[in-house]
Amino acid sequence: MQLYSTNDRNNIVSFSEAVVKGIADDGGLFLPVSIPTLPKSFFKEMESLSFQDIAHIISKELLKDEISDNDLNKIISGSLDFPVPLVKLDQGLNILELFHGPTLAFKDFGARFMAAMLSHITRDSKENTVILVATSGDTGSAVANGFYGIEGIQVVLLYPSGKVSHIQEQQLTTLDKNVTALEIKGTFDDCQRLVKQAFADNEIKSAIKLSSANSINIARLLPQSFYYHYAYAQLKDKSKPVIFSVPSGNLGNLTGGLLAKEMGLPVHKFIAAVNANDILPQYLHTGKFVPKPSVQTISNAMDVGNPSNFARIVSMYDNSRERIDGVVFSRSYSNLQTEASIKELFTKYDYVADPHGAVGYAALKDYLSEFPGNYNSIILETAHPAKFSDIVEKIIGKEVNMPDRLAQCMKKDKRSIKISSDFEDFKSFLATFAADKNII
Ligand SMILES: *Cc1c(COP(=O)(O)O)cnc(C)c1O
């Protein structure tokens, strides 16, 4: 598959190059030069296919010129190895649960697939690689889990001390083997700055092979198109128009859906459900893209003031607000509205949602009242409610079941290395670390 940079259509690279680079040299994001339409036979037989079968067929269509069928099979069965149930709440109202991966959030799809791809692509390299990840919470543990135990790879997570939830901190600091958690006395922005500085530092770069696993990597986007197909395949009556409501922040999940539509999936409308960080609905309303500092909300994984995948979306639709508006409906919801949605889902359907999925429900309801009709609607539920039990339990007045995996993780001892946000401290940590692990 050939990919171009959103900053320059003539800057073209292979899939392997795009995965290793992450971001184009010109600062743009990678997108496929052409997106293949899936064959009619696929849509005819999809009902009988497993999630992994669907993932395999789509990846093959996209990547057959670079990765063998057998290798694709291994990558998919090793990384996308958890269930993706479609739960029916009511006639025409469904929830696609994307939180059954190891860290209980939908980031597991992208992070695990990317990790498997990157290890596959760099399998012949003799050098050890250090993956640096700055995280504000969820991404770090999903990425670390994806690379967990893979030979030749060391993961160093940087997270802001005291600024992640207790559950998130346990998930970040209780992996051992090849994962090291660095607790930075500073903010998430400090963590990101340290990673960027390390990549720009010639001394570090000549001694250690560094790689980043950032959220804009194309290998994180592709698997996020698979489950749209799988959800559609599960629908009993396919005659009604299909709507997906996508709780959104950086718009990566939404972009995965847009790719699925380009591949031929008959989607009537995507709903980009956002919290108080309302950059996308404002853009659709005014035609102006105005990034803002992010606002803190209870659906904190969507607290994004400058959604990075916006560049991909405008590129896919030739910079036309009208064309994007034809495919995407977007609305913003407050914390109070989010809480009311958690309550309504529980009282009306006996369903316990997390704050992100609840924003998806709120936006779907508004769409249905503005455009009444007989639809098949699917809300993507992006996190397990137990990750937000403090918020959810207060609203539903009942304990949220904690999955076994999370309960185990909460019992483990935290292991982190505390350092300041000073670059020299980080640099000397990296030197000692590399010597310890025999990387230099
Ligand atoms: C990251 C995340 C989102 C937002 O997804 P984007 O691809 O950034 O739009 C929504 N919900 C949860 C739980 C997340 O972790």
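All values below come from the heavy atoms of this structure, side chains included, with hydrogens, waters and symmetry mates left out. FYI, the numbering just counts along the sequence from 1. Start at 1 and go down the list; that is how both ligands and their atoms are numbered.
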* Structure fact -> Taking only non-hydrogen atoms of N253 and a 4.0 Å limit, the atoms of ligand 1 in range are 7 (O)
* To do: Using the six-membered ring of Y4, assess whether NZ or CZ of R9 lies under 6.0 Å from its centre and within 45 degrees of the ring axis.
  => yes
* Asked: Between A383 and ligand 1, is there a nitrogen or oxygen pair with a distance under 3.5 Å?
  -> no
* Asked: Would you say K60 has more than 12 foreign heavy atoms packed within less than 6.0 Å of its NZ?
  -> no
* Please determine if K292 and D278 form a salt bridge, counting it only when a charged side-chain N lies under 4.0 Å from a carboxylate O. => yes
* Asked: Are any of the N/O atoms in H356 less than 3.5 Å from those in ligand 1?
  -> no
* Any N/O of D354 closer than 3.5 Å to an N/O of ligand 1? -> no
* Please confirm whether S248 comes within less than 3.5 Å of ligand 1 when only nitrogen or oxygen atoms on both sides are compared. => no
* Asked: Is there a heavy atom of F99 sitting under 4.0 angstrom from any atom of ligand 1?
  -> no
* To do: Report the nearest protein non-hydrogen atom to atom 1 (C) of ligand 1: residue, atom name, distance rounded to 0.1 Å.
  => K107 NZ, 1.4 Å
* When you check the gap from the basic side-chain N to the acidic O, do K398 and E393 get nearer than 4.0 Å? -> no
* To do: Specify the protein heavy atom at minimum distance from atom 11 (N) of ligand 1: its residue, its atom name, and the distance to 0.1 Å.
  => T382 OG1, 2.8 Å
* Asked: Do M1 and K64 come close enough that some side-chain heavy atom pair is under 4.5 Å?
  -> no
* Presence of salt bridge, E47 and K238, under 4.0 angstrom -> yes
* To do: Check whether any side-chain heavy atom of L259 sits under 4.5 Å from a side-chain heavy atom of M316, and report yes or no.
  => yes
* Would you mind listing which atoms of ligand 1 come within a distance below 4.0 Å of any non-hydrogen atom of G252? => 6 (P), 7 (O), 9 (O)
* Could you find the nearest protein heavy atom to atom 8 (O) of ligand 1 and give me its residue, atom name and distance? => N250 N, 2.8 Å
